[in-house]
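Since this is a predicted model, take the numbers as computed values, not measurements. Residue numbers start from 1 in every chain, and the chains themselves are labelled A, B, ... in the order their sequence lines are given, proteins ahead of strands.
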2 protein chains.
Amino acid sequence: MEDGTSMSLGHCGDTDYDVLQWDQREDCEVRQILDRIADKWSLQVIALLDRRSLRFTELRRMIDGVSQRMLTRTLRHLERDGLVSRTVHATVPPRVDYALTPLGGTLHATIRALVTWTEEHQSEIATARAAYDVRVAAEQEEAAAEAAGRDAVARLVLAVRR
Amino acid sequence: MEDGTSMSLGHCGDTDYDVLQWDQREDCEVRQILDRIADKWSLQVIALLDRRSLRFTELRRMIDGVSQRMLTRTLRHLERDGLVSRTVHATVPPRVDYALTPLGGTLHATIRALVTWTEEHQSEIATARAAYDVRVAAEQEEAAAEAAGRDAVARLVLAVRR
DNA sequence: CAGTATCCCCATAGATACTG
DNA sequence: CAGTATCTATGGGGATACTG
């Protein structure tokens, strides 16, 4: 076995509980779910399984670039969290079906809000980035010019002294 | 400079655009936002700044365990995406205020949905995990027992042959 | 088919030291 | 105070080989 977030989960660190916010607590449930959905493959898996249940190899083919190892790991994590169910059919060759659980379905629905937000605001973000990058570039040029100015002065001083 | 997702962002990979889903596209806006809010510190920063604007050191003190480097990086990223604003007061000693932009505010509101979901379902998740762990442990014991049985048989065979 | 087991890389977090 | 610069270490994730 490779890992597993350990069993002693608990309800986050409970120091000054009432003063702190969900996002203040280290390793709380929110963080764990966030880490799960933010990892490279989980979200794609969830989205695909929301349409219909799929076999291992079907998922593997549909998710471009995923390795067997990573797909297995991702599915195990999702299964452990109760977001995805795994049914093994004792046939030859073996057949394993993965499906989204009701719980997983509600999570996917929730995530959609974030997707919608992103779609609605992506142009604002792009604009902000462009503006930021320009600003940074300008500052760098300024700094370079200043440095060049200092050098010029230094050379002048040397020339005069000679 | 250290990095910056490069400037050639674009609207994700545009292969078979209409067939694919948002979550199928590699490196699309959704992924970028997800990576941002899912990273270790961004969310805490956003949540704190949603209450009131804060100075660098205030943030540093309020966010337990964050290093200068990480806080700076986090703030720069958030600033670049237009989620956080940075105002430098030309005083001695210097004073820099960070605040959530309107855009950042709407993002925080959206994320709250995810937090709510997590709070509502954390017991289900915990139950699922416990069940999964028990299942895995049982399978392992089973496998161990089987292996032990095989060994016993093997020893018997050897004993009889002698 | 649906995995497990290994090895390896490299991107990023964290610690430390220095600066306008 | 509010950073930048540099180094190291951890682990996520890819490639490959093997198996029930």
Side-chain angles (χ1 to χ4, degrees), chain A residues 1-6 26-27 31-32 34-45 53-79 84 86-98 136 139-140 142-143 146-147 150, chain B residues 1-6 26-27 31 34-36 38-45 53-79 84 86-98 136 139-140 142-143 146-147 150:
Chain A
M1 191 162 292
E2 204 168 328
D3 92 279
T5 329
S6 103
E26 181 73 10
D27 246 33
R31 265 255 65 84
Q32 294 180 27
L34 218 46
D35 287 345
R36 181 106 347 276
I37 67 166
D39 75 24
K40 207 172 175 184
W41 310 111
S42 295
L43 199 51
Q44 285 194 60
V45 170
S53 77
L54 293 166
R55 304 178 56 178
F56 185 87
T57 313
E58 285 180 309
L59 280 167
R60 186 152 160 52
R61 267 196 302 264
M62 297 173 87
I63 302 174
D64 193 69
V66 73
S67 64
Q68 272 176 323
R69 175 174 135 73
M70 278 305 108
L71 183 54
T72 304
R73 277 180 57 105
T74 303
L75 288 167
R76 289 294 173 279
H77 285 316
L78 294 173
E79 189 194 355
V84 158
R86 174 173 180 270
T87 15
V88 184
H89 303 274
T91 59
V92 174
R95 173 194 181 92
V96 180
D97 281 318
Y98 290 94
V136 168
E139 276 163 25
Q140 279 183 348
E142 190 181 303
E146 195 180 315
R150 269 205 311 278
Chain B
M1 189 162 295
E2 204 169 327
D3 92 280
T5 330
S6 101
E26 182 70 10
D27 246 33
R31 264 253 69 82
L34 219 45
D35 287 344
R36 183 105 343 279
D39 76 25
K40 207 171 175 183
W41 311 110
S42 295
L43 200 50
Q44 286 195 59
V45 170
S53 77
L54 293 165
R55 303 178 57 177
F56 186 87
T57 312
E58 286 180 309
L59 280 167
R60 185 152 160 51
R61 269 197 301 263
M62 298 173 85
I63 302 175
D64 192 69
V66 73
S67 64
Q68 274 175 321
R69 178 180 188 275
M70 279 304 109
L71 184 54
T72 305
R73 278 181 57 106
T74 302
L75 288 167
R76 290 292 172 280
H77 285 316
L78 293 173
E79 189 194 355
V84 157
R86 174 172 181 271
T87 19
V88 183
H89 304 274
T91 59
V92 172
R95 174 195 180 93
V96 180
D97 281 318
Y98 290 95
V136 168
E139 277 163 24
Q140 278 181 350
E142 191 182 304
E146 194 180 317
R150 268 205 313 278

Undergrad: Would the base of D:dG3 count as contacting B:R69 through its side chain, where contact means a donor and an acceptor less than 3.5 Å apart?
TA: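 Donor-acceptor pair under 3.5 Å: no.
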Undergrad: Across all strands shown, which nucleotide pairs with D:dT10 by Watson-Crick or G-U wobble geometry, both distances under 3.5 Å?
TA: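 Per the H-bond distance test, C:dA11.
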Undergrad: Applying a 4.0 Å non-hydrogen cut-off, can you work out what A:R60 is touching in the nucleic acid: base, sugar-phosphate, or nothing?
TA: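 Nothing: the residue A:R60, judged by heavy atoms under 4.0 Å, touches no strand.
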Undergrad: What's the CD1-P distance between A:I63 and D:dG13, to the nearest Å?
TA: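 From A:I63 CD1 to D:dG13 P: 13 Å.
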Undergrad: Closest approach to the side chain of A:Q68, judged atom by atom: which nucleotide of C:dG3, C:dG14, D:dG13 is it?
TA: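 That would be C:dG3.
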Undergrad: Once you apply the 3.5 Å cut-off to both distances, tell me the Watson-Crick or G-U wobble partner of C:dT4, or none.
TA: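 Across any shown strand, C:dT4 pairs with D:dA17.
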Undergrad: Does a nitrogen or oxygen in the side chain of B:K40 sit under 4.0 Å from OP1 or OP2 of C:dT12?
TA: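 Indeed not, no polar side-chain atom of B:K40 lies that close.
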Undergrad: Under a 3.5 Å distance rule, please check whether A:R76 uses its side chain to pair with a backbone N or O of A:L71 as donor and acceptor.
TA: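 Side chain of A:R76 to backbone of A:L71, a donor-acceptor pair under 3.5 Å: no, none is there.
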Undergrad: Over how many whole Å does the gap from B:E79 atom CD to D:dG3 atom P extend?
TA: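 Going from B:E79 (CD) to D:dG3 (P), I get 9 Å.
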Undergrad: Judged by each residue's nearest nucleotide on DNA chain D, which is more toward the 5′ side, A:S67 or A:P94?
TA: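 Taking each residue's closest nucleotide, the earlier one in sequence belongs to A:S67.
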Undergrad: May I ask you to decide if B:A38's main-chain N or O and A:R31's side chain share a donor-acceptor pair within less than 3.5 Å?
TA: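 Such a contact is found between A:R31 side chain and B:A38 backbone.
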Undergrad: For a quick test of reading the model: is some side-chain N or O of B:W41 closer than 4.0 Å to OP1 or OP2 of C:dG14?
TA: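 The answer is yes; a side-chain N or O of B:W41 sits under 4.0 Å from OP1 or OP2.
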Undergrad: In whole Å, what is the span from the CG atom of B:D39 to the C1' atom of C:dG14?
TA: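 It works out to 14 Å between those atoms.
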Undergrad: Going by side-chain hydrogen bond (donor to acceptor under 3.5 Å, both in side chains), B:D97 matches just one of B:R86, B:R55, B:H89. Which one?
TA: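 Of the listed residues B:R86, B:R55, B:H89, the side-chain hydrogen bond (donor to acceptor under 3.5 Å, both in side chains) partner of B:D97 is B:H89.
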Undergrad: Measure from the side-chain heavy atoms of A:R76 and tell me the nearest of C:dG3, D:dG14, C:dC1.
TA: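 Among the listed nucleotides, the one closest to the side chain of A:R76 is C:dG3.
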